[in-house]
2 protein chains.
Amino acid sequence: MPAHPAPTLEDVAARAGVSRATASRVVNGDPRVREAARVAVNAAVTELSYRPNRAARRLVTRAADSIAVVVPESDERVFSDPFFSGTLRGVTRALGSLPMQVVLVMGNPDDGDHRMERYLRGGHTDGAIVVSHHQNDNLWRVLAETQLPSVFLGRPYAAEARAPYVDVDNAAGAALAARHLIERGCRRVGTVTGPLDMSAGQDRLRGWQETLEAAGLETDLVEHGDFTAAGGAEATQRLLERCPDLDGLFAASDQMAVAAIGELGVAGRRVPDDVAVVGYDDSAAATMSRPALTTVVNPISEMASRAVDLLLRVMDGEVVEPAILPTGLVVRESA
Amino acid sequence: MPAHPAPTLEDVAARAGVSRATASRVVNGDPRVREAARVAVNAAVTELSYRPNRAARRLVTRAADSIAVVVPESDERVFSDPFFSGTLRGVTRALGSLPMQVVLVMGNPDDGDHRMERYLRGGHTDGAIVVSHHQNDNLWRVLAETQLPSVFLGRPYAAEARAPYVDVDNAAGAALAARHLIERGCRRVGTVTGPLDMSAGQDRLRGWQETLEAAGLETDLVEHGDFTAAGGAEATQRLLERCPDLDGLFAASDQMAVAAIGELGVAGRRVPDDVAVVGYDDSAAATMSRPALTTVVNPISEMASRAVDLLLRVMDGEVVEPAILPTGLVVRESA
DNA sequence: CTGAAAGCGCTAACAA
DNA sequence: TTGTTAGCGCTTTCAG
């Protein structure tokens, strides 16, 4: 076995004929070093293929170096919903060139396996962004207890969770969708909701409901979905059974909206002529769908950058306020 | 600003009235401590909400604590192909309760952005598992230069890459598929390949080719795909144009096979009656597809555990041999 | 511009 | 069973 102990800064310094301090300066790009010394050190570094020991460096600089993106969902969900890839991408981008690792922590805390909680309590990361928080996942409690700097992407469900968050006004977004449907002339407007143990699911339902009520329409056409295509398809079927003369539909995610359009097609309804459909997210699927989806904008990557921004500040010990981002409606073909 | 400096083991020890060493023992679960001391220390830990400093611990134990799963693909790809979620899940499982972080490093090295290389060279992780390595991604070179312990999941394309890997015999798998098609009576057998800048793509093509040749059949019906559904659909269309009497099809991934079945349906062909289709991966999509997919088993999660196993040993300084896992064919409805 | 020296917080012999 | 004592490899004053 290569009993080669990894070369240390000491070795580099020796080889370059300078002190450890000077070697350190060169390695870290400190300008106050003579050219000759710099060259010598750099040469030694490559010859020895020296790599600084992160732990040692970190111990003294006290620099943070990893944040967790926490997603209390099965890895299956995580990898099939574009929402998560968008978030992860946004986080990565926002971190830019900061030398910080992003650790993706997935897992369903419901099914007895407490790996996520253990991980978070283990102090393996310097901060956390919680992405798809549900009513019962207790994440806010764990986070509060460990005092791990953290921010929620999406308002936490529990009011006790006094953690900073970034969100959009989901109710307002849903209201936009409902209003568009009503103004289009729809009178039997249904909705396929998101998970109701998430604030986004609740808020979107509420926005739809209040808008319909204000217009004097019935709000009984509610079917529960879970943001996934499969869930959306089933919910649409149920809606169609209950109300064959449905003429407008608000789905709380694009994935569900696309599935709904498929289901509607199977049932012989034309979109938007027979049933107008509005989705939520303005994901890639919205433009690729036939007909293209009218949908509410969910600024995922902005939310991700804001979350990173907040988190960095929390890690700095700052006290920050929640951020609410604006939303809007994109009108395409489906409504 | 909570100018609170984080409590150290020293503080805990003081509060518990023991020495730092004893406190350390308690924190690390060393059994050789008196019950009273243990209780006192634990109390102090919670009161002070003490969390060990990882950097300090690591500095002395020299224990590794994070490995990268490197995927030179766009995040879009990564999040839409079940192969990657399977791999990631397998890696996570195999790591079990080892206190090691898994860092997902994605990115397309082709498009000028060298973040991945920088990251790898930055020494941010203690090892790497490279998942979807392409001919030109130069990963093996970077890895060799940095001497970062690493293993490839899938044989590296470049012969110069003398890194350990785990793989299945992709050619044998493809041969299984081709033979099944031939024995079924197919005479005009086409294939939709994977990316040909990956060893898996190449090997599967070769296995198909050799088997057809051995049976005295034509091997001209080759269309290039890229493992994705969209790529598979397009390739199938081209195949159908070139050869309307196609009666057998081997697709190098389940995603492409499912897309092919869809495309075949659009073109008025019945599966398997008019065209028999065999996929590759035995992913979840294979059982959900209508008709259910006959497909070659790709033991993703076993490969992932083996990769972890090898990597751990490489990180220990051991020299390891590549591992080749067995494969097989699962016959369902599509062929 | 450079070097000497002082730790960062922790674990692991070694003694007691 | 416990405490004492050395560092782990690095950065950073502080003198020179």
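Below, each value reflects all heavy atoms present in this structure, side chains not excepted, and no hydrogens, waters or symmetry copies. Proteins get letters first, then strands, A, B, ... in listed order; numbering begins at 1 in each.
- Between B:Asn53 atom CG and C:dC10 atom C1' the separation is 8 Å, expressed in whole Å.
- A donor-acceptor contact under 3.5 Å links the side chain of A:Arg25 to the base of C:dG3.
- We find that CG of A:Leu9 is positioned 17 Å from P of C:dA5, with the value rounded to whole Å.
- Atom CD of B:Glu10 and atom P of C:dC8 are 10 Å apart (whole Å).
- Considering only side-chain atoms of B:Thr22, the nucleotide from D:dC10, D:dG3, C:dC10 that sits closest is D:dG3.
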### Task
Report the C-alpha distance between B:Asn28 and B:Arg57 in whole Å, list the side-chain angles of each, state the deciding distance to 0.1 Å, and finish with yes or no for side-chain hydrogen bond (donor to acceptor under 3.5 Å, both in side chains).
CA-CA 11 Å; B:Asn28 293 295; B:Arg57 174 179 285 173; 3.2 Å; yes

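- The base of D:dT11 sits within donor-acceptor range of the side chain of A:Arg20, with an N or O pair under 3.5 Å.
- Applying the 4.0 Å criterion to OP1 and OP2 of D:dT11, one finds that A:Ser24 has a side-chain N or O inside that range.
- Among all heavy-atom pairs drawn from B:Val314 and B:Ser150, the shortest one is CG1-N, 4.3 Å.
- B:Arg15 has no carboxylate O lying under 4.0 Å from a charged side-chain N of B:Asp11, or vice versa, which leaves the two without a salt bridge.
- Nearest-nucleotide positions on DNA chain C for A:Glu35 and A:Ala56 put A:Glu35 closer to the 5' end.
- The side chain of A:Arg57 has D:dC10 as its nearest neighbour among D:dC10, C:dG9, C:dC10.
- In this structure, B:Asp30 places its CG atom 15 Å from C1' of C:dC10, rounding to the nearest Å.
- A salt bridge links B:Arg58 with B:Asp126: the distance from a Lys NZ or Arg NE/NH1/NH2 to an Asp or Glu carboxylate oxygen falls below 4.0 Å.
- The A:Tyr50 side chain lies nearest to D:dC10 when the options are C:dC8, C:dC10, D:dC10.
- Note on ring orientation: taking the six-membered ring where Trp is involved, the planes of A:Phe79 and B:Phe79 are parallel (angle under 30°, cut-offs 30° and 60°).
- Taking every side-chain heavy atom of B:Ala21 into account, D:dT4 is the closest of C:dG3, C:dT2, D:dT4.
- Within 4.0 Å of B:Ala37, counting heavy atoms only, lie sugar-phosphate atoms of the nucleic acid but no base atom.
- Put simply, CZ on A:Arg54 is 16 Å from C1' on D:dC8, counting in whole angstrom units.
- Distances shorter than 4.0 Å separate none of the side-chain N or O atoms of A:Thr8 from OP1 or OP2 on D:dG9.
- With DNA chain D read from its 5' end, the first of the two nearest nucleotides for B:Val18 and A:Val60 is the one closest to B:Val18.
- The distance between atom CZ of B:Arg58 and atom C1' of C:dC8, rounded to the nearest whole Å, is 16 Å.
- With A:Leu153 as the partner, the side chain to side chain contact (heavy atoms under 4.5 Å, CB included) test is satisfied by one option alone out of A:Val91, A:Thr87, A:Val70: A:Thr87.
- Nucleotide C:dC10 holds its P atom 9 Å from the CG atom of A:Leu59, rounded to whole Å.
- In this structure, of D:dC8, C:dC14, C:dC1, it is C:dC1 that holds the atom nearest to the side chain of A:Arg34.
- Spacing between atom CZ of A:Arg32 and atom P of D:dG16 amounts to 17 Å, rounded to whole angstrom units.
- In this structure, A:Asn28 reaches the D:dT11 phosphate: one of its side-chain N or O atoms is under 4.0 Å from OP1 or OP2.
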